[in-house]
Amino acid sequence: MGDREIQQAAAAIEKARSFRVRPPRETLVAGAVGELRDKLERDIKQTGGMGEAWRTVAPDTLRDKARIVSFQRGVLIIETPDAGVRYLVEQWLRGGGERMLAGCAPSTVKRVVVR
């Protein structure tokens, strides 16, 4: 091969390289942050904004122990770690907590289920 052929081959290779699309570089932190953002968006969508109402209205003793699992078609599902916390949440709801939650809710609360 002559010099001219080598230069033409090198030019063809460089031209082909310019057409290649490289995927964006993803670092470990960016991936973790993206996954966390996606999870939070799913949680917000699933709870229908009731998580914020729960954090606003629930007493401090229950706020960290129970969590909103879902809010669909007017049914609010609250999850508790054990029967003792479940009893406390149910007592609070019967004592006026359900009305307070319904007042802060973005849509109508028909029923509250505590698991």
Side-chain angles (χ1 to χ4, degrees):
M1 274 185 141
D3 286 337
R4 185 174 178 153
E5 291 174 349
I6 293 175
Q7 289 175 354
Q8 287 176 347
I13 291 172
E14 288 304 316
K15 185 176 180 181
R17 284 183 181 163
S18 69
F19 292 131
R20 185 173 67 183
V21 179
R22 293 184 179 140
R25 190 181 250 182
E26 186 171 323
T27 61
L28 295 176
V29 174
V33 170
E35 289 175 16
L36 180 60
R37 184 186 64 238
D38 293 344
K39 181 187 180 307
L40 290 174
E41 287 175 356
R42 276 193 311 272
D43 289 348
I44 290 170
K45 185 176 180 182
Q46 190 173 17
T47 60
M50 284 300 293
E52 186 64 33
W54 174 257
R55 284 188 295 276
T56 303
V57 176
D60 294 337
T61 56
L62 300 177
R63 185 177 304 131
D64 298 331
K65 295 178 183 176
R67 68 181 190 96
I68 303 294
V69 177
S70 72
F71 180 58
Q72 296 175 344
R73 299 185 197 134
V75 178
L76 175 66
I77 298 177
I78 301 172
E79 189 176 73
T80 59
D82 56 37
V85 175
R86 178 178 168 202
Y87 175 77
L88 293 173
V89 170
E90 288 174 345
Q91 290 298 316
W92 177 76
L93 288 170
R94 286 188 200 117
E98 187 171 352
R99 276 180 278 141
M100 291 170 59
L101 270 175
C104 294
S107 62
T108 305
V109 177
K110 297 177 185 174
R111 188 170 61 128
V112 179
V113 177
V114 182
R115 290 195 229 160

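Side chains included, hydrogens not; waters and symmetry mates left out as well; all remaining heavy atoms used. Model, not experiment: these values are computed from the prediction.
Thr80 meets the side chain to side chain contact (heavy atoms under 4.5 Å, CB included) test with Ala66, Val85, Arg86, Val89, Val114; sequence neighbours excluded. When the side-chain hydrogen bond (donor to acceptor under 3.5 Å, both in side chains) test is applied to Arg115, no partner is found at least two apart in sequence or on another chain. Not a single salt bridge (charged side-chain N to carboxylate O under 4.0 Å, His left out) links Arg99 to another residue, sequence neighbours left out. By the side-chain hydrogen bond (donor to acceptor under 3.5 Å, both in side chains) test, Glu79 is found to be paired with Arg67, residues two or more places apart in sequence or in another chain being considered.
The two residues Cys104 and Val57 make their nearest non-hydrogen contact at SG-CG2, 3.3 Å. In terms of heavy-atom proximity, Arg63 sits nearest to Ala58 at NH2-O, 2.7 Å.
Here CZ of Arg37 is found 10.5 Å from CD of Glu35. Values are rounded to the nearest 0.5 Å. Atom CZ of residue Arg55 and atom CG of residue Asp64 lie 10.5 Å apart, to the nearest 0.5 angstrom. Note that CD of Gln7 and CZ of Arg4 are 8.5 Å apart. Values are rounded to the nearest 0.5 Å.
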Using a 3.5 Å cut-off and no angle test, enumerate the donor-acceptor pairs between side-chain atoms of residues 68-78 and protein atoms at least two apart in sequence or in another chain.
none

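Counting only residues at least two apart or in different chains, ring pair (Phe, Tyr, Trp, His ring centres under 6.0 Å) contacts with residues 87-115 comprise Trp54-Trp92.
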